[in-house]
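Just so we're clear, the structure is a prediction, and the values are computed from it rather than from any experiment. Protein chains get the first letters and strands the later ones, always in sequence-line order, with residue 1 at the start of each.
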Amino acid sequence: MTEREERRFAEVPRESIKLMAESAGVELSEEVAALLAEDVCYRLREATQNSSQFMRHAKRRKLSVEDFNRALRWSNTETVCGYGAQDSLPFRPLKEGELFFVEDREINLVELALATNIPKGCAETMVRVHVSYLDGKGNLEPQGTGKRYIYPGSEHPKVPTSVQSLSDDLLKYYQQITRAILGEDPHLMKVALLDLQYNSKIAALLPYFVYVISGVKSVSHDLDQLNRLLHMVKSLVQNPYLYLGSYVRSLVSSVMYCILEPLAASINPLNDHWTLRDYAALLLSHIFWTHGDLVSGLYHQILLSLQKVLSDPVRPLCSHYGAVVGLHALGWKAVERVLYPHLPAYWANLQAVLDDYSVSNAQVKADGHKVYGAILVAVERLLKMKAHSLSMAAEGGSATLEGSVTGAGGFRESSPGLSPPPEPISEPPLGIASHLQAGGAGCQWEEWTPVSLPAMYCELYSFFGDSLAVRFSTDPPLGGIPPAAPCQSLDNRKEPASGAANLESTRKMPQLTASMNISPRQDGSPRTEQPPSLAATAPGRSFARSSSVSRSRSSSSRAGRSSSQSRDIFPKARFPPPQAGLPAFSFIIGGRQMGRRCQGRRFQTSFIPTPPVTSLPPRVYAHKLPVIGRVSKPVRRWTSSHYSLHLPL
Amino acid sequence: MAAVQDGTIELDTEKETKPEILSDGSVKLAGNTGSGALSSLPPAGGGAPKMEDQQTLIAVLQFLKRNKLTESVDILRREAGLSDDQEDSQGTDAGGGGLGAGGKGDGDGVDAKSLLNRVSIASAAAPQSAPLPAKSGEDQPDVSVVLSAYTQQGDPSLYKVYYSDLKKFIESVLDCHRAELSQLFYPLFVHMYLELVYNNHETEAKAFFEKFSGDQECYYEDDLRVLCGLTKKEHMKGNEALLDFRTSRFVLRISRDSYQLLKRHLQERQNNQIWNIIQEHLYIDIFDGMPRSKGQIDSMSGSLGGEAKREVNKVKVYYGLLKEPEIEVPLDDEDDEAENEEGKPKKKKAKKDSMGSKSKKQDPNAPQQNRIPLPELKDSDKLDKIMYMKESTKRIRLSPDNLPSVCFYTFLNAYQGLTAVDFTDDSSLLAGGFADSTVRVWSVTPKKLRKVKSAADLNLIDKESDDVLERIMDEKTASESKILHGHSGPVYGVSFSSDRNYLLSSSEDGTVRLWSLQTFTCLVGYKGHNYPVWDTQFSPFGYYFVSGGHDRVARLWATDHYQPLRIFAGHLADVTCTRFHPNANYVATGSTDRTVRLWDVLNGNCVRIFTGHKGPIHSLAFSPNGKFLASGATDGRVLLWDIGHGLMVGELKGHTDTIYALRFSRDGEILASGSMDNTVRLWDAIKAFDDIEMDDFTAATGHIHLPDNSQELLLGTYHSKSTPVAHLHFTRRNLLLAAGAYNSQ
């Protein structure tokens with residue numbers, strides 16, 4: 001009010017008054033027009049001021065024509081008709097003169113009346129209720145802003161503010177996206193998935209998508225649909241703007257369903273449900289590593305359910321397979337903790353299946369081979385990682401490293417028992433999800449007593465025989481940083497062979513294999529988006545990093561002891577530097593290589609094993625071993641490709 | 001011509017002897033000297049008083065006599081050289097003419113106080129020989145003649161000089177006085193401007209406005225906007241708010257010291273014009289003690305009529321709650337029901353005991369139970385009370401650490417415009433008033449709304465059956481919502497009766513309608529407000545209701561009377577919101593004149609005036625214990641008032657737009673406010689009321705110093721996406737319900 005400009009108001013010039021009078025057929029003198037003009041201005045202002053109270057009481061911010069008309073009516077003045085439309089009136093200038101006018105188009109009433117498209121009436125007024133803020137602890141962001149909002153230490157599952165009414169746009173988006181993803185057009189699906197991954201405004205739709213995904217149970221006969229739903233999970237999980245909150249649990253259960261359940265699709269052996277399980281396992285680990293902290297105890301629960309499946313002999317082999325790959329995807333610690341203790345018991349069952357050569361058992365046997373392969377890969381990585389960690393502890397357990405590790409342990413804010421165990425070797429301390437991941441020694445499973453590496457190896461070797469030993473003893477990283485280029489070249493060299501093998505073994509070929517020359521973590525869990533993948537592309541780097549996160553708990557003395565023991569046991573153990581020039585023998589466990597990412601596992605790898613050790617002590621389980629585990633039979637079968645052994649698991 | 005020098009000395013001695021009220025008046029006298037023909041001041045000594053002056057003196061003498069101030073009489077008589085005869089004869093003359101102050105004083109001794117004031121002015125002025133006849137005439141009911149006589153005095157071109165002179169003076173005084181005296185600016189400005197306009201000095205008025213409107217406090221912006229358009233005498237006729245401004249007196253509270261300062265200044269400068277206005281249009285409430293600070297003044301000022309007079313808020317208000325009717329037996333039943341759960345019965349018993357003791361002890365501040373006759377409790381009411389008690393045992397104790405959950409009822413597709421919302425007390429029904437003249441009622445529970453069967457069908461049912469109440473309902477009409485047609489203008493207020501049988505709605509068409517929620521038809525249309533009715537509310541016990549509208553009055557009705565029982569008049573502008581006190585003995589109204597008034601239902605008197613808002617008040621809420629009142633206005637502030645003391649006790653800043661909804665939680669711990677800025681905010685009410693240090697001085701003077709602790713009191717801000725909050729309601733278990741229409745723009 002202090003500014004003079006603010007007090008300016010519109011004035012009706014006397015010329016206008018005169019014009020209007022003329023149009024009404026009245027001649028006005030100059031003075032009369034001036035007086036009238038002034039009075040008109042005042043009355044207009046008065047009416048405007050009066051109309052504002054109607055606006056205020058209607059709880060609006062916008063003064064409407066209706067308000068003004070009411071003010072006019074109450075001051076006994078004729079109302080102005082024809083301006084009640086809700087939409088704004090275009091106010092235009094005329095180029096020629098300084099004239100502004102409201103555009104008033106002519107409307108063809110006939111056209112309007114005879115129009116066939118009858119305009120829809122507006123929807124019925126209704127009331128909708130939603131809990132906006134539970135216990136006063138709602139999302140403090142305005143609803144639907146889609147900002148990611150994480151409560152680090154909060155125990156309350158958040159009721160998403162988005163339960164609020166969906167706007168029409170969102171509803172449309174939801175329909176389009178689900179239709180595209182579940183529809184036939186692969187291109188459309190790709191676009192939809194991509195959008196789902198980067199759209200920042202779909203927070204409100206999250207519950208709906210989660211609900212759609214939970215529909216996996218109803219489409220267990222359709223591998224394609226399952227795959228699509230899993231892709232949807234992946235997109236949601238990767239969306240940086242979404243806060244999954246307690247929905248993680250629901251997503252995990254859907255994914256677990258795909259991993260573990262004997263899907264209806266698995267009845268037909270022609271269906272490649274193995275790939276689906278692999279992909280789901282990969283997804284599980286992804287969810288777990290990026291969002292595992294949202295639900296406390298999630299890791300434990302997953303492990304428990306996997307363990308349950310594994311220990312249940314009634315379950316079909318494909319379920320067991322799922323459990324194994326799931327464990328494998330969760331990291332070598334999970335394998336060590338769950339799979340390894342279960343192995344002796346489980347082995348007997350598997351043995352029985354594999355030993356049955358009857359025709360009726362052919363299919364089951366093939367499945368058994370799958371499981372066998374999966375277990376093999378898992379334990380191999382377990383051994384490798386374990387050995388690696390021990391060697392790390394032995395070599396670089398300096399004080400500074402210890403310090404850094406404990407620092408990493410202290411960084412974890414959640415309780416160690418519930419948090420996922422670390423994969424110190426392969427987990428870089430940096431990276432997109434590093435803060436979510438377990439790190440450091442604080443996460444040891446207390447009640448679990450680690451088995452020493454030699455003992456473990458011993459036992460595993462008794463199961464797997466030479467196929468295991470071969471892999472283990474020739475691991476390149478043990479002696480330091482393996483040059484990446486030779487491995488690549490080796491890979492390349494062996495690629496055609498394996499590809500051919502893949503081609504000829506459509507279904508019966510094992511899915512699993514291990515690649516020993518790339519980062520150990522990578523070999524088992526080919527998560528493409530994960531930091532380990534970085535490590536995979538640059539093994540040297542991963543190695544360098546992993547050293548800083550080496551396990552602190554394994555004291556140097558123990559490591560030293562165990563290493564010396566292992567030296568005793570394995571003459572060709574990995575601890576001494578590898579024999580240079582030895583890798584003349586390459587070992588490929590055929591992997592199915594499908595799509596570039598996620599479709600199949602990229603295991604197709606080559607090994608550089610040393611010749612099998614012959615001087616090993618007699619093995620307890622050796623006589624039980626089926627031929628496939630032995631070197632003898634495969635070697636016989638694959639004599640022609642002696643150096644590129646394709647193990648028909 | 002002029003009084004003797006001694007006269008002023010005399011005045012001083014007089015002052016000492018006079019009672020308090022008189023000395024109040026004596027302060028005012030000084031300026032009188034300046035008015036009219038009298039101009040030479042300070043008065044030169046020795047001149048013989050004129051006839052006119054003599055009359056005045058006589059009047060004074062008479063007054064002094066009447067008050068048995070014989071000593072003063074003697075002195076005055078000696079000084080003035082008047083004889084007893086002279087005095088008597090003149091006195092009767094004066095009295096007969098209705099001009100002499102003394103005569104007038106004799107004439108009507110009814111309005112003692114104000115008259116005393118007047119008379120004291122006259123008497124004290126006498127020694128200085130002010131032209132009293134005209135002055136005292138102002139007291140007459142027919143003001144207009146005198147008024148116009150006054151307004152025609154003075155040179156219009158000098159107004160600017162007068163005003164800027166005063167401005168210069170006020171700016172030069174000590175800081176402690178400046179704030180107080182600055183209060184004068186606005187009323188003086190308005191009155192001078194209006195005088196200029198009234199006397200057809202249009203150009204001068206415009207120039208005056210240009211020059212000084214910028215000096216006014218920003219919270220008068222709206223008024224100035226109205227004023228600035230007003231440049232003709234004819235314009236003033238239609239503008240009722242301005243007419244009120246002219247005829248009512250703008251109340252200022254000024255400390256004695258500041259007032260003395262002003263008086264002295266005006267005396268020296270002979271600033272008649274200003275003095276006249278002060279005398280005529282302002283009511284200066286003088287208090288003893290420290291001058292108030294700028295902050296204190298700002299917190300209280302802002303209303304159209306100035307601050308409230310202190311004595312207005314001194315009336316005793318029975319703000320306590322009525323005794324709860326004792327309903328014993330069913331409670332025990334309830335105990336039996338809940339017995340199966342361990343621990344619970346015990347708790348409940350304790351609760352019941354406390355309730356019982358509370359109801360036995362009569363609150364000293366509570367009104368008589370039958371002060372206002374209230375309807376008898378029906379059986380259904382008793383049942384409802386039992387339900388209420390049951391629910392309240394399950395009530396969540398709210399605290400700053402335990403905030404309520406918020407449920408938002410969003411009106412979708414409300415293109416016609418949602419204007420009013422109300423919930424029933426048990427939160428089972430929701431009513432919305434719309435700008436398209438309809439009222440819609442929704443059931444927010446799974447129970448659908450059903451009409452009673454038609455008369456023909458009702459004849460068929462078995463009236464003896466136990467479920468007769470169920471049988472009379474027509475299943476075919478069951479639906480989630482019902483539309484009530486009847487108004488012919490936007491519905492600005494809706495209110496459910498406590499028994500959920502009736503619904504009130506007030507509309508722009510000037511009527512209040514009573515609807516039956518059994519038949520969903522209109523029962524009565526109450527016509528009385530001839531202008532839009534902005535708000536209406538049922539009394540907490542039903543039967544009575546209050547409405548307020550554009551006609552600037554609030555009316556109290558009973559549902560069975562077609563005419564209002566009380567008319568609460570006094571607001572200077574529209575009554576925008578009306579609320580019943582929990583004990584139904586009082587009604588609070590908020591107005592566009594930026595004041596909140598509390599009215600006694602029994603006698604229709606205004607018992608409290610609360611000033612301090614800077615914008616029209618759109619929401620009111622009583623605390624459940626009846627002690628406090630919260631009000632929210634377009635300025636986005638919530639003010640808290642102590643009803644018993646008549647004081648402002650808190651200011652809650654945070655909202656950025658009009659506050660349309662206010663509600664205390666069931667136990668009064670939390671105040672929720674909903675605003676057009678799409679937020680609901682929760683405030684710590686207990687802390688707000690506890691933090692006030694209330695010593696005797698503040699209680700007596702009403703000069704509260706408000707701590708600026710809005711941020712500490714703010715417990716939470718909850719945003720809706722694009723839904724202005726139109727209504728708030730705490731369920732019986734302290735769940736907060738908010739309602740509003742989604743605004744797609």
More than 12 heavy atoms of other groups within 6.0 Å of B/E480 CD |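 Atom CD in B/E480 is not crowded, with 12 or fewer foreign heavy atoms closer than 6.0 Å.
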Give me the atom names and distance for the closest heavy-atom approach of [X] to [Y].
X: B/G489; Y: A/R70; value: CA-NH1, 4.5 Å
X: B/M676; Y: A/R60; value: CE-O, 3.5 Å
X: A/R61; Y: B/D657; value: NE-OD2, 3.0 Å

Residue part contacting chain A, namely of [X], when any heavy atom lies under 4.5 Å:
X: B/L736; result: neither
X: B/E202; result: side chain
X: B/A726; result: both
X: B/D574; result: side chain
X: B/D436; result: neither
X: B/P616; result: side chain

Would you say the side-chain atoms of A/R56 pair up with the backbone N or O of B/T634, donor to acceptor, closer than 3.5 Å?
->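 Judged by distance alone, no pair lies under 3.5 Å.
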Would you confirm whether B/Y660, through its side chain, and A/H57, through its main-chain N or O, come within 3.5 Å as a donor-acceptor pair?
->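 No; zero donor-acceptor contacts below 3.5 Å.
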Check the pair B/W534, A/Q53 against side-chain hydrogen bond (donor to acceptor under 3.5 Å, both in side chains), reporting the backbone distance first and the verdict last.
-> CA-CA 10 Å; B/W534 298 130; A/Q53 67 185 348; 4.6 Å; no
Quick one: does A/F54's side chain get under 4.5 Å of B/P532's, heavy atoms only?
->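 A/F54 vs B/P532: side chains touch.
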Evaluate the side-chain proximity of B/L412 to A/V127: yes if any heavy-atom separation is below 4.5 Å, no if none is.
->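 No, side chains not in contact.
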Specify which of [options] makes the most heavy-atom pairs with chain A at under 4.5 Å.
options: B/A435, B/P490, B/A414; result: B/P490
options: B/R440, B/Q416, B/H618; result: B/H618
options: B/L418, B/L737, B/T658, B/T419; result: B/T419

Atom CH2 of A/W74 and atom CD of B/E508: how far apart are they, to the nearest 0.5 Å?
->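 Taking CH2 in A/W74 and CD in B/E508, the distance rounds to 5.5 Å.
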Region of A/L44 that comes under 4.5 Å of a non-hydrogen atom in chain B |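 Interface part for A/L44: neither.
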